Amino acid sequence: MAAHQATPKEVGMLTKPPKRPRIRDAEATQARILAAAKKEFAKNGLGGARVDIIAERAKANKRMIYHYFNSKEDLFQRVLEDAYSDIRTAEQKLDLERLPPKEALERLVRFTWTYYLKNPEFLTLVNSANLHKAKHIKKSEVVRQVSTRFVDMVGNLLDRGVKTGEFRSGIDPVQLNITIAAIGYYYFTNRYTGSIVFQRDLMTPAALEERIRFNVDTIMRLVEA
């Protein structure tokens, strides 16, 4: 009896890999939800943000949001944790320990300024968190860990400056960080009223450059020996 010869259709069935069932990419879905939530919370705060808008922008649905993040409050906490993690991770990548103390400190001051300028949603998220007395990050282990690493980094920078004789001793790295953040934070969060009060456009390239030079000079004068 002659051997059966496979038909072209049968050959195709043998050579083509079986179709795999479509698997939902949970990580990608959560990333889209978080990106949409970040924009919505930054624009409208916790109280004004709407979950249905977040779902629409994330190409998800409300049930999926609650499945992954439990509640609107928990989603807000996650957005805040990611926001703090993002800036702290970027700070760690500055490799300040490889630079001389003064140069490292100037890089940090300029980075903070530029980060606020390019990420205005970070400032509005922080504002919203403060309106709720920081209850969403009060017990956050994520925020605690990234903040501790940052304070240690600034502390090590100050210690190196003291050893080289460039910085005076006794400077609290927490106080220094508050000052660095404040001189940039205030400028950007008050840019509209400030432009009217001081009768100058605070956001022109020339004004921004003038301000960052002033910030660097101010911080250097605070720490110099």
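The chain is numbered in sequence order, starting from 1. The structure displayed is predicted, hence computed values, not measured ones. Both backbone and side-chain heavy atoms feed into the values below; hydrogens, waters and symmetry mates do not.
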Pairwise side-chain contact, [X] with [Y], heavy-atom cut-off 4.5 Å (strictly under):
{"X": "T204", "Y": "L208", "result": "no"}
{"X": "L108", "Y": "W113", "result": "no"}
{"X": "Y115", "Y": "E91", "result": "no"}
{"X": "D82", "Y": "K38", "result": "no"}
{"X": "K43", "Y": "T124", "result": "no"}
{"X": "M153", "Y": "L96", "result": "yes"}
{"X": "R211", "Y": "I183", "result": "yes"}
{"X": "V142", "Y": "I137", "result": "no"}

Any donor-acceptor pair under 3.5 Å from [X] side chain to [Y] backbone:
{"X": "N190", "Y": "Y186", "result": "yes"}
{"X": "S140", "Y": "H136", "result": "no"}
{"X": "K72", "Y": "L46", "result": "yes"}
{"X": "N119", "Y": "E121", "result": "no"}

Salt bridge or not between [X] and [Y]? Use side-chain N to carboxylate O under 4.0 Å.
{"X": "K102", "Y": "E106", "answer": "no"}
{"X": "E40", "Y": "R50", "answer": "no"}
{"X": "D217", "Y": "R221", "answer": "yes"}
{"X": "E141", "Y": "R144", "answer": "yes"}

Are Y187 and Y116 an aromatic pair, judged by ring center distance below 6.0 Å?
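No; Y187 has its ring centre 6.0 Å or more from that of Y116.
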[X] [atom1] to [Y] [atom2] distance, which is reported to the nearest 0.5 Å:
{"X": "D86", "Y": "E81", "atom1": "CG", "atom2": "CD", "value": "11.5 Å"}
{"X": "S195", "Y": "L202", "atom1": "OG", "atom2": "CG", "value": "3.5 Å"}
{"X": "Q30", "Y": "R78", "atom1": "CD", "atom2": "CZ", "value": "6.5 Å"}
{"X": "I212", "Y": "T114", "atom1": "CD1", "atom2": "OG1", "value": "6.5 Å"}
{"X": "K135", "Y": "Q77", "atom1": "NZ", "atom2": "CD", "value": "11.0 Å"}
{"X": "I219", "Y": "E224", "atom1": "CD1", "atom2": "CD", "value": "11.5 Å"}

In the single-linkage hydrophobic clustering (I, L, V, M, F, W, Y; side-chain heavy atoms under 4.5 Å), do I53 and L34 co-cluster?
no
side-chain contact (heavy atoms from CB on, under 4.5 Å) between Q145 and T148, intermediate numbers included
CA-CA 5 Å; Q145 289 180 356; T148 298; 5.9 Å; no
Any idea which heavy atoms bring [X] and [Y] closest together, and the distance?
{"X": "G165", "Y": "A225", "value": "O-CB, 3.4 Å"}
{"X": "F167", "Y": "L157", "value": "CE1-O, 4.0 Å"}
{"X": "V174", "Y": "D172", "value": "N-OD1, 2.9 Å"}
{"X": "P173", "Y": "L158", "value": "CA-CD1, 3.9 Å"}

side-chain contact (heavy atoms from CB on, under 4.5 Å), that's the test. Do R168 and V223 meet it? Break it down for me.
CA-CA 6 Å; R168 61 185 176 85; V223 302; 5.6 Å; no
Under 3.5 Å, is there a donor-acceptor pair linking the side chains of R160 and N156?
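Looking only at side-chain atoms, N156 and R160 do not form any donor-acceptor pair under 3.5 Å.
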When you compare the side chains of S71 and E73, does any donor N or O come within less than 3.5 Å of an acceptor on the partner?
no
E209 atom CD, neighbour heavy-atom count above 12 within 6.0 Å:
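Yes.
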Please determine whether the number of non-hydrogen atoms from other residues, nucleotides or ligands lying under 6.0 Å from atom CD of E97 exceeds 12.
yes
Given side-chain contact (heavy atoms from CB on, under 4.5 Å), test H67 with N61 step by step and report yes or no.
CA-CA 10 Å; H67 170 71; N61 56 58; over 6 Å; no
With side-chain contact (heavy atoms from CB on, under 4.5 Å) as the test, would you mind laying out the steps for V146 and T89 before giving the verdict?
CA-CA 8 Å; V146 297; T89 299; 5.8 Å; no
